[in-house]
A.B. asks: 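For reference, the structure I am asking about is given below.
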Amino acid sequence: MGFPLSILYLRLIICLQLMANVVLWWNVVCNLENDDAQMGTTCHSDVSVTHHVDAMGNISAVVPRLPSLNLFYHLRNHAEVASFQTVQRVFSARGYQRTEDMNSTSILWTHTYPYQVDPQSRPLHEMVLAMNPEQTINHFPGMEPIFNKQFFSTSMKSKYIPKTFLLPNQKREFLQEMNNTGETRLWMKKNFNHRGNVLKEAKDHDLNQKSLIQQFIGNQFTVAGHAIQIGVRVILTSVEPMRAYIFHDVSNRVANKPFYPINIKDNQTYLTDGEFRDEVYLSLYSLPETKTYMKTHGYSRWVAVKTYARKQGLDASKVMPQLLEAVRGVLLNLRPRLVRQYKKYFKDRALRQRSNLFELSRWDFIVDEDLNAYLLEANLSPEITTRNHISNIGNTRTLHSLLMMTRQSKNVRVRDSNVNVVRGVCYEQRCQHCTDKECQLCAQCLSSSDKTILKTTFAEHINRKGYLRTYPEPITQEEASLPYSTPSDDVDVNNLSKSENLNREWLRLKCIHDYYWCN
């Protein structure tokens, strides 16, 4: 009898070990992209139960609703189909299936901007207007100025955008600038169709021809002698109140030939177009100086660049705050238009509160020898699929994090206790009628729409993965101990709406109690 029992006992041990390995493997897969040490996630296809541990050790669970996992592509031609191979692969990995039925889809993904009423876009425009509140679309109305080079470069009034002139309208202003800086200073003639930029000296530009010319940054930071451009993925998830994030691992384009000495006749020595073309640009993996960091040490592209900069004696930590501030400033400049257009297209108040929109864009920067950042342009519907393997890995991570923050955040239930903030004033007599400004975040003073805003902010923050918050602007706990003032010059708290101030004040108070909420 002993022999068969020992065999059974051995088999039982083996089975238990196999089960333990399966559980371990599943947990590793589920947490593969979890960038937050304070987060734990239990996966179920596209849905997860998320647990947040605050500074006091309290655990709050966010319980999901199961979504319908259907994806509707609106692509006009073969080029757009090829461009979205990575999108399809990421969505499929999350359990989404492509559908031809617009009524049953949970997400509409389109390269074409759907809010322009022209013959080519009219079918898509009508499709968007017919969407129900539970469906998501990857565009916000009112974003046209972002991809309009003329408006973006001349009207945004950002200190990060190089001087730009529209000719011949601003011919007099340009002549004055040329008189101040010299006829031989280099200026980039920017093509209105995003391609075919040309670098010339000031005296060689035709001032009577309609064109957009922008100051060329001649003292650029280089990696192993090659000019480098920084591509920042920006995600806008709400306009009222505004919430915006950038992906922490920026993409990079490297000029094919050394930058110095500057040769205006050879556009492979500097970066001109906003297109990631492998035959013109290199990847960081092509340069031995950064390849070592990425291959041997497993660094990301951005960490490899920062490490190289530190080796040159530069303070690489100053770049990311500039990128965050530049994006924040432009979006806040654009915010009044975004709110107007949003209310125009979604006139029903309930529909506005429930509509699921997001905007993924790419913003192109360069930095000079002192690591001062310059914003060149922004691109809506940026190309996601390239022939560069490293870029595709970065794009895949971007999309996975985007899905976690947008779609999953819309499909979780957040408890009232998750958004309540502890304030002694809430127990005082003056807060019984909620007339005092300091009482606005007391539980008894929050309206249902207020709670919806705060719960969405909560869900986005704990599911943001690789995204950094650019607005509301990140602050330190020391800054949070003061009323939410203006850590940066681009935020005017006096011109913000009630919901905007409510959201900012809530994040400030959360930051005081837990540094996890400061950024």
Side-chain angles (χ1 to χ4, degrees), residues 33-42 46-67 134 136 235-246 352-358 401-423 426 440-475 477 480 484 496-519:
E33 295 181 10
N34 195 344
D35 297 316
D36 298 315
Q38 300 186 51
M39 302 291 296
T41 306
T42 304
D46 188 56
V47 184
S48 63
V49 179
T50 308
H51 308 277
H52 172 242
V53 185
D54 62 22
M56 304 300 295
N58 300 314
I59 301 176
S60 57
V62 183
V63 184
R65 298 193 306 267
L66 294 176
E134 298 298 331
T136 299
I235 179 73
L236 179 68
T237 60
S238 175
V239 297
E240 182 60 36
M242 179 175 282
R243 292 188 301 273
Y245 310 81
I246 73 171
R352 289 206 307 268
Q353 290 181 347
R354 296 172 60 203
S355 64
N356 302 325
L357 308 181
F358 67 87
S401 295
L402 181 149
L403 266 178
M404 290 293 292
M405 185 171 61
T406 56
R407 188 60 188 173
Q408 178 169 304
S409 295
K410 300 296 191 296
N411 289 283
V412 297
R413 292 191 182 97
V414 182
R415 299 169 180 167
D416 286 352
S417 59
N418 293 135
V419 299
N420 289 342
V421 290
V422 179
R423 302 198 73 183
C426 295
Q440 62 177 339
L441 283 169
C442 296
Q444 67 270 25
C445 300
L446 291 173
S447 65
S448 58
S449 61
D450 292 338
K451 290 181 180 179
T452 298
I453 289 171
L454 299 183
K455 287 180 179 181
T456 304
T457 303
F458 179 94
E460 281 184 6
H461 189 82
I462 63 176
N463 286 303
R464 72 193 188 283
K465 299 300 180 182
Y467 282 92
L468 305 174
R469 193 178 75 229
T470 181
Y471 189 81
E473 65 273 25
I475 56 176
Q477 282 192 306
Y484 211 141
L496 300 179
S497 65
K498 176 181 178 295
S499 63
E500 196 85 56
N501 280 313
L502 182 81
N503 206 41
R504 289 164 58 85
E505 179 67 6
W506 180 79
L507 283 168
R508 182 183 74 85
L509 293 175
K510 295 286 281 186
C511 173
I512 289 176
H513 296 290
D514 186 351
Y515 70 90
Y516 168 75
W517 291 91
C518 299
N519 182 358

A.B. asks: For the CD1 atom of Ile453 and the CD atom of Glu240, what is their distance to the nearest 0.5 Å?
C.D. replies: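 The CD atom of Glu240 is 7.0 Å from CD1 of Ile453, to the nearest 0.5 Å.
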
A.B. asks: Indicate yes or no for a side-chain donor-acceptor contact from Trp506 to the backbone of Val419 under 3.5 Å, with no hydrogens or angles considered.
C.D. replies: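 Yes, the answer is positive, given that a donor and an acceptor are paired below the 3.5 Å cut-off.
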
A.B. asks: Check Ile235, Asn503, Leu236 against Arg243 for a side chain to side chain contact (heavy atoms under 4.5 Å, CB included) and give me the one that passes.
C.D. replies: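 Passing option: Asn503.
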
A.B. asks: So Lys510 and Val421, do their side chains get closer than 4.5 Å, heavy atoms only?
C.D. replies: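 Yes; the side chains approach each other to less than 4.5 Å.
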
A.B. asks: Which heavy atom in Met242 sits nearest to a heavy atom in Tyr471, and how many Å separate them?
C.D. replies: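 Heavy-atom minimum between the residues: O-CD2, 3.3 Å.
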
A.B. asks: Determine whether Asp416 and Lys455 make a side-chain contact, defined as any pair of heavy atoms from C-beta on separated by less than 4.5 Å.
C.D. replies: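 Of all side-chain heavy-atom pairs linking Lys455 with Asp416, at least one is under 4.5 Å.
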
A.B. asks: Take Cys442 and Cys426 through the test disulfide (SG to SG under 2.5 Å) and record every step on the way to the result.
C.D. replies: CA-CA 5 Å; Cys442 296; Cys426 295; 2.0 Å; yes

A.B. asks: With respect to Tyr245, which candidate in Arg464, Arg469, Glu460 satisfies the side-chain hydrogen bond (donor to acceptor under 3.5 Å, both in side chains) definition?
C.D. replies: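 Result for side-chain hydrogen bond (donor to acceptor under 3.5 Å, both in side chains) with Tyr245: Glu460.
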
A.B. asks: Does the plane of the ring in His461 sit parallel, tilted or perpendicular to the ring in Trp517? Use 30° and 60° as the thresholds.
C.D. replies: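 Because their plane-to-plane angle is under 30°, the rings of His461 and Trp517 count as parallel.
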
A.B. asks: Between Asn463 and Met404, which heavy-atom pair has the shortest distance, and what is it?
C.D. replies: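 Heavy-atom minimum between the residues: CB-O, 3.4 Å.
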
A.B. asks: So which atom in Lys451 and which in Ala443 form the shortest heavy-atom distance, rounded to 0.1 Å?
C.D. replies: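 Distance-wise, the nearest heavy atoms are CE-O, 4.4 Å.
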
A.B. asks: So Lys498 and Asp450, do their side chains get closer than 4.5 Å, heavy atoms only?
C.D. replies: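 Yes, their side chains come closer than 4.5 Å.
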
A.B. asks: In terms of SG positions, are Cys511 and Cys518 separated by less than 2.5 Å?
C.D. replies: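 With an SG-SG separation under 2.5 Å, Cys511 and Cys518 do form a disulfide.
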
A.B. asks: How many angstroms lie between atom CG of Leu441 and atom CG of Asn501, to the nearest 0.5 angstrom?
C.D. replies: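 It comes to 10.5 Å.
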
A.B. asks: Is Leu446 close to Leu502 at the side-chain level, that is, under 4.5 Å between some pair of heavy atoms?
C.D. replies: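 Yes, side chains in contact.
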
A.B. asks: With heavy-atom distances below 4.5 Å as the criterion, would you say the side chains of Arg508 and Ile512 are in contact?
C.D. replies: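 Yes. Closest side-chain heavy atoms under 4.5 Å.
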
A.B. asks: Rounded to the nearest 0.5 Å, what's the gap from CE on Met405 to CG on Leu402? Could you check?
C.D. replies: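 Met405 atom CE to Leu402 atom CG measures 6.0 Å (nearest 0.5 Å).
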
A.B. asks: Roughly how far, to the nearest 0.5 Å, is the CG atom of Asn420 from the CG atom of Leu509?
C.D. replies: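 Interatomic distance, Leu509 CG to Asn420 CG, rounded to 0.5 Å: 12.0 Å.
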
